[in-house]
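Data first, discussion second: the structure below is written as structure tokens.
The first residue of the sequence shown is numbered 1, and numbering continues consecutively from there. These numbers come from a predicted model, not from an experiment.
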Amino acid sequence: MALSWNEIKDRALKFSNEWANETKERAEKDSFWNDFFNVFGISRRRVATFEEPVKKLGGNQGFIDLFWKGTLLVEHKSKGRSLDKAFEQATDYFPGIEEHELPKYILVSDFARIKLYDLDEWSEHEFPVSELYKNVKLFGFIAGYQKRTFEEEDPVNIKAAELMGKLHDQLEEFGYEGTYLEVYLVRLLFILFADDTSIFERNTFKEFIELKTKEDGSDLGALMAQFFQVLNTPKEKRLKNLDEDLNEFPFVNGKLFEEILPIAAFNSKMRSILLEASGLDWGKISPAIFGSLFQSVMNPEERRNLGAHYTSEKNIFKLIKPLFLDELRKEFEKVKSSSKKLKEFHYKLSKLKFLDPACGSGNFLIITYRELRLLEIDILRELFKKGEQVLDVSSILWLDVDQFYGIEYDEFAAKIAEVAMWLIDHQMNMRVSEEFGQYFIRLPLKKAAKIVHGNALRNNWEDIVSKTELSYIIGNPPFYGKSLQTKEQKEDMKLVFGNVKGAGILDYVAAWYMLASQYIKGTQIKAGFVSTNSITQGEQTGILWNELLNKYNVKIHFAHTTFSWTNEARGKAAVHCVIIGFANFDTKSKSLFVYDDIKGEPQEKKVKNINPYLVEANDLVILKRRKPICNVSNISFGSMPNDGGNFLFTNEEKIEFLKLEPKAKPFMKPLISAHEFLNGKKRWCLWLVNAKPTELRVLKEVQKRVENVKNLRLNSTRAATQKLAAFPTLFGEIRQPDNDYILIPLHSSEQRKYIPLGFKTKDEIANNSTSIVPNANLFEFGILQSGIHMTWVKYTCGRIKSDYRYSNEMVYNNYPWPIDPSDKNKKAVETKAQKVLDVRAKFPESSLADLYDPLTMPPKLVKAHQALDKAVDLCYRPQAFTNENARIEYLFDLYNQYTKPLLDERRTKKKK
């Protein structure tokens, strides 16, 4: 049991009084260091040796005055000698020390002075022996009170995970696998952490392995099995003749070591890996970060990008701060001057309960628990700031891990989450010990976070924690688009969404929103999820949020608009995400975090309402519609060949074909797909719509291709395609207009500020990877090519990865065009639209992809678009819009104006 700081200070004062005026020389240095360690309640003999032999650089034999492997190296000099030279001598020993045994601290002394070097932080502290009692906290690493900061990029997290990965591979290679292997590694995680953080006496496990097992590792497996059993057995029930070193280890409980595992077979390499892992400073490990890293070592594919998959603390804070932490901190500041109210607030914290229904290895739960414990420490600091003595720290600590619940599909991750909660609990207990000068540890483990291994989309959440007790739902559910979902995941979606129309296109994460909305209905529970931004864009938004808003009365309380979710680890996983906090009740205080740069920091905006598109506007959802809401030209897809490639030609293939069949030239038409249009490529097709039978009969090469198309369609498994065999000379679907038209490529890079559109003639055949607007004029082109229309596209179109997928029924047909613009404004748009086309024409060698690449877009074209944008804005209102948010908010209001009469008309018909 570690000493309290008050006890350590008393001992340090006694040490200082005894040694400050001591005249004894080198012969008494052993007594000096024995007494020094005793100040911190540690037996020097258990952790460190005198006169440790070591080979110095150059091969000479040296002897380290005092060596605690992996932790501390001491060099002692006679009184008055240089401490700087003592430090240099200490570092001369490093080449002869195994890497995992290198010290983290160097301590030098001459009886009168002490100087400590922290090699991790490159800091040094020097003081006279008489002032040791003032500096005892520098030596917290001896007493087990080590104070650490946990940095996401700290290499010790990744190094530790890599070593565990190596050990995993070795065990698995020799047949130790599956659940047994997972449990084994989780136990090792706890043990290694315990060995460095005073759950065990520091480094006793490491020394136990070094001293009690053979170098070839042959007896290590059996010893570990016995070790697990000891940790699961109360001291009073252990065998009387148990090895005394083993018996020193505490009873852990918590069922962590309860299951009897098969005995693992180790070899010398595996023993070395374990020793190297135990040589790391596990006091530096962050349970929040390491859990995900540790989980990823089990998957060779993920291990290549080790560290890419954990959720960084910075991103976790983006969710938990606006969901509850900021509010709790604000309440603390409000009540801290009243002892009575502060105690009531403390009690309130102890009753909060949290559920993460996709908890992984526990990141959100761990950080949440840590922040609540820090808040509890602040509460206790206020309550006891007048210096009242706390006789029993445990009596004033009311928060514990059993306030936390999780559901996780991966069994290994679920085990890690449970253990990681104990680890963060212990770290926070060390903080409390530091604060109150009284050592506190929760052993044996009596409480645990309830982490359920199961499918959150099939488990009943109320079976895990009652909605009458729960306070918050948090997490980062998995992102799987429709095409990436497994058969089981698709079944999950059907189970959750039932007969909801169109639900088959939803991202997997949408199911968590649905279940959370059902769970929180009629309660004061708040929920917050990190999600792919697909559920706030395009068709998915209407399908999902139509249910959440209208059936479950969900209100969004805060949101982060699209940002890039990245980590600082190797591999850097990046995905475009949103964060949405919601509840079954409304609130006046709503915050929208808007990103001008998705890789930058957001600006918080206090708003009256947040709609499902994460815009300050009234709640609305946009659903597919077959006709435009405004009086404008209709839109359709281009024509689909369904020909197996028989009617299609590259430029070279066309030339060769016309050599064989020169009379087919009148039927050879340019084919414009999105790819050709954007990249300036040429492609051709046989367009036989108006071909006469007499013309076709003499075109033998054409007839061969027509025959191929007929057979291809007849052999199709689709009935609709088989019917098309009756029309083998035609494209499968023909939508080519009889006049010129505007062409819109359906797919376009998100990097472009504008999706390039163009005018095409009736003889240029639009492929089905494009949309066409027949009978369109220059004004309509100007509106569709403008920045305000592009804003609408961003919010309402679908996405392929992060690129735009234009939709006729979602984007075009729902687009709110300007209401009755003046002739002057319409003329201005036409003029500016023509200018855009004219500037493009000045670069005949450049494709549209070149012209609209943000890095290569000509300044003249940029200015032409800016002028067009302003002209279009003025058709909507007297002042141009200053930013995209202003545009989309205006468009949503205008959309409501257009659709309300349509909605009222539909309701009237329904009543009739």
Taking [X] for the side chain and [Y] for the main chain, is one N or O donor matched with an acceptor at less than 3.5 Å?
X    : Y    : result
W461 : A456 : yes
Q603 : V594 : no
H453 : Y409 : yes
Q485 : L506 : yes
E258 : K255 : no

Are [X] and [Y] close enough that a side-chain donor and a side-chain acceptor fall under 3.5 Å?
X    : Y    : value
T587 : S589 : no
Y552 : E547 : no
S591 : K606 : yes
D619 : N609 : yes

Salt-bridge present ([X], [Y]; N to O < 4.0 Å):
X    : Y    : value
E376 : R373 : yes
K526 : E327 : yes
E491 : K494 : yes
E601 : K314 : yes
K321 : E604 : no
E382 : K385 : yes

Exercise for the section: Kindly say whether the aromatic ring centers of F205 and F200 come within a distance under 6.0 Å. Expected result: no
Between F582 and Y513, ring centroids under 6.0 Å = yes
Output for pair (D195 CG, I191 CD1), nearest 0.5 Å, gives 9.0 Å
| message | Is the ring pair Y595/F563 parallel, tilted or perpendicular, if the boundaries are 30 and 60 degrees? | response | parallel
(request) Decide ring pair (Phe, Tyr, Trp, His ring centres under 6.0 Å) for F228 and Y184; before the verdict, give the C-alpha distance in whole Å, the side-chain angles of both, and the deciding distance to 0.1 Å. (result) CA-CA 10 Å; F228 293 160; Y184 205 97; 5.2 Å; yes
* Asked: Taking the six-membered ring of Y405 as reference, does the NZ or CZ atom of K450 fall below 6.0 Å from its centre and within a 45° cone about the axis?
  -> no
The side-chain contact (heavy atoms from CB on, under 4.5 Å) partners of P478 (sequence neighbours excluded) come to A358, Y480, Y508, W512
